[in-house]
Amino acid sequence: MGRGSRKAAVVGVALSDCGRVDDATPYALHAQAARRALADAGLDRAVVDGFASAGLGTLAPVEVAEYLGLRPTWVDSTSVGGATWEVMAAHAADAIAAGHANAVLLVYGSTARADIRAGRRTGTLSFGARGPLQFEAPYGHTLIAKYAMAARRHMIGYGTTIEQLAQVAVQARANAALNPEAMFRDPITVDDVLSGPMVADPFTKLHCCLRSDGGAAVLLAAEEYVRDCRTAPVRILGTGEHVSHAAMSEWPDFTVSPAAVSGRLAFQRAGVTPADVDFAEIYDAFTYMTLVTLEDLGFCTKGEGGAFVEEGRLLVRGGELPVNTDGGGLSAQHPGMRGLFLLVEAVRQLRGEAGERQVRTRDGGLPRLGVASGTGGWFCSSGTVVLARD
């Protein structure tokens with residue numbers, strides 16, 4: 001966190017319309033999510049002097065800020081894939097602490113699904129063939145194949161089974177069944193996951209995230225604004241960020257993600273341990289991401305992720321550590337860089353606003369501590385945020 005004395009809190013969160021949205025532009029989804037987040041906080045747009053956005057426009061976040069009618073004096077366009085929003089939240093909290101901003105709006109929106117259906121774009125198989133990627137692209141290293149290679153390395157090295165990986169998808173779907181906003185809610189079984197069409201060995205279709213439309217927004221504000229807010233504040237206790245590699249050949253160990261560093265830093269700075277956490281929101285473009293991130297955040301030891309995800313540990317209802325309580329990218333929504341959705345869900349859980357999927361502690365109370373950990377690229381980047389309810 002920054003050196004300043006002011007504390008930062010999340011005071012507003014919201015999603016735009018999500019799932020199948022055929023009649024909106026990405027800009028419109030940004031605006032819808034932003035308006036809803038401001039309404040959630042009960043604050044006027046005029047208080048927003050900080051803005052963070054990535055993924056849209058030639059000069060992000062300039063174009064999006066203009067579309068929203070904002071003229072910020074602090075901006076961030078950090079873009080590190082799915083982890084972007086956790087990293088941006090860390091930067092925003094530091095800016096507020098240092099007095100460089102008073103209220104920072106983070107916003108994202110994408111029509112990834114609708115664009116493909118309308119023929120405006122194709123599926124993203126690769127990030128391109130320039131720079132260090134030129135040495136991998138000729139060998140067919142698609143985005144999905146890179147994650148699949150990493151998963152296979154974990155299976156060979158630690159005996160992790162395909163059934164254990166499938167359990168991640170099964171439990172994510174069970175959580176999504178409790179979420180009326182989730183895109184897919186029908187139960188699935190391990191056999192359903194294993195019998196699906198192969199995408200990249202060992203991943204079948206249900207090992208991979210869905211493709212949706214949607215947007216999200218998070219509003220952070222300095223402590224003096226909290227008394228004017230409609231909602232209870234959720235404090236950012238600690239953050240961590242890390243980038244590890246661009247080329248697979250420069251990744252020292254396929255079984256260790258950058259969350260091993262970002263998580264350690266976030267917990268140290270928050271003054272808590274993984275054992276204190278009531279739930280976790282983890283980036284899950286693929287089932288292996290959930291498993292290895294659980295290990296690297298310290299919820300289980302390296303190599304034991306497969307055993308940890310068995311027996312329903314990730315379930316909202318009855319799980320020892322509810323994970324991806326909204327259904328995650330595997331079942332709820334995944335319009336692209338999904339890290340902002342993790343923060344929205346974490347805040348809703350801590351505020352007790354999650355409805356049927358609300359996490360409860362062993363004594364029946366609301367959770368007090370949650371973690372959101374985003375991953376970008378092909379395990380290239382990670383941002384982890386520890387959040388707490390007052």
Side-chain angles (χ1 to χ4, degrees), residues 55 79-84 110 112-113 115-117 121-156 160-170 172-173 183-184 188 192-213 244-251 253-259 282-293 305 309 324 327-339 341 374-382:
S79 185
V80 288
T84 290
S110 168
R113 170 200 157 273
D115 288 349
I116 287 180
R117 289 180 60 85
R121 59 173 285 180
T122 59
T124 305
L125 297 178
S126 170
F127 279 94
R130 295 182 177 183
L133 298 181
Q134 67 184 293
F135 302 109
E136 297 181 349
Y139 298 95
H141 285 200
T142 64
L143 175 66
I144 297 174
K146 292 179 179 182
Y147 281 101
M149 288 171 60
R152 181 62 73 185
R153 179 69 264 170
H154 200 281
M155 296 170 74
I156 293 171
T160 306
T161 68
I162 194 63
E163 289 82 7
Q164 290 170 333
L165 287 171
Q167 273 289 345
V168 174
V170 170
R173 181 64 62 88
M183 195 168 177
F184 293 105
I188 57 174
D192 290 333
V193 179
L194 301 186
S195 62
M198 184 63 67
V199 178
D201 184 46
F203 293 152
T204 54
K205 181 178 179 179
L206 291 176
H207 282 283
C208 307
C209 66
L210 53 88
R211 184 183 291 272
S212 75
D213 308 309
S244 56
H245 61 279
M248 295 285 282
S249 61
E250 300 303 309
W251 189 0
D253 188 339
F254 286 11
T255 69
V256 178
S257 78
I282 292 174
Y283 207 98
D284 62 340
F286 306 98
T287 53
Y288 176 60
M289 295 175 75
T290 302
L291 184 149
V292 75
T293 304
V309 301
N324 295 338
L330 292 170
S331 287
Q333 75 287 113
H334 198 301
M337 296 188 293
R338 192 180 178 272
F341 292 77
T375 303
W378 40 95
F379 284 122
C380 302
S381 65
S382 177

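No experiment lies behind these values; they were computed from the predicted model shown.
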Set of residues satisfying side chain to side chain donor-acceptor pair (under 3.5 Å) with respect to [X], sequence neighbours excluded:
X    : value
S257 : D296
T293 : none
S331 : R173

Does a side-chain heavy-atom distance below 4.5 Å link T204 with V193?
-> yes

Answer yes or no: is there a side-chain heavy-atom contact under 4.5 Å between M289 and I282?
-> no

Could you tell me which residues satisfy side chain to side chain contact (heavy atoms under 4.5 Å, CB included) with [X], sequence neighbours excluded, listed by chain and number?
X    : answer
A332 : N179, A182, D326, R338
A246 : P132
T287 : L165, V168, A169, F203, H207, L330
M183 : R20, R113, L210, S212

Shortest non-hydrogen contact from [X] to [Y]?
X    : Y    : result
S382 : A259 : OG-CA, 3.4 Å
H245 : A247 : CD2-O, 3.6 Å
A148 : P202 : O-CD, 3.6 Å
V309 : Q164 : CG2-O, 3.4 Å
P258 : C380 : CG-C, 4.0 Å
F286 : I144 : CZ-CG1, 3.6 Å

Looking at [atom1] of [X] and [atom2] of [Y], how far apart are the two atoms once the value is rounded to the nearest 0.5 Å?
X    : Y    : atom1 : atom2 : value
R152 : T160 : CZ    : OG1   : 11.0 Å
S110 : M337 : OG    : CE    : 8.5 Å
L291 : M155 : CG    : CE    : 10.5 Å
T161 : Q167 : OG1   : CD    : 9.0 Å
M149 : F254 : CE    : CZ    : 4.5 Å

Can you list every pair that meets salt bridge (charged side-chain N to carboxylate O under 4.0 Å, His left out) and has a residue in residues 133-151, with sequence neighbours left out?
-> E136-K146

Tell me, please, which residues at least two apart from D253 pass salt bridge (Lys or Arg N to Asp or Glu O under 4.0 Å).
-> none

Can you name the ring-ring contact (aromatic ring centres under 6.0 Å, His included) partners of Y283, sequence neighbours left out?
-> H334

By ring-ring contact (aromatic ring centres under 6.0 Å, His included) - contacts of F184 (at least two apart) = none

Heavy-atom donor-acceptor pair, S381 side chain to V80 backbone, under 3.5 Å | yes

Hey, would you say the Y147 and F379 ring centroids sit under 6.0 Å apart?
-> yes

Full working for side-chain contact (heavy atoms from CB on, under 4.5 Å) between T255 and Y288 | CA-CA 10 Å; T255 69; Y288 176 60; 4.0 Å; yes

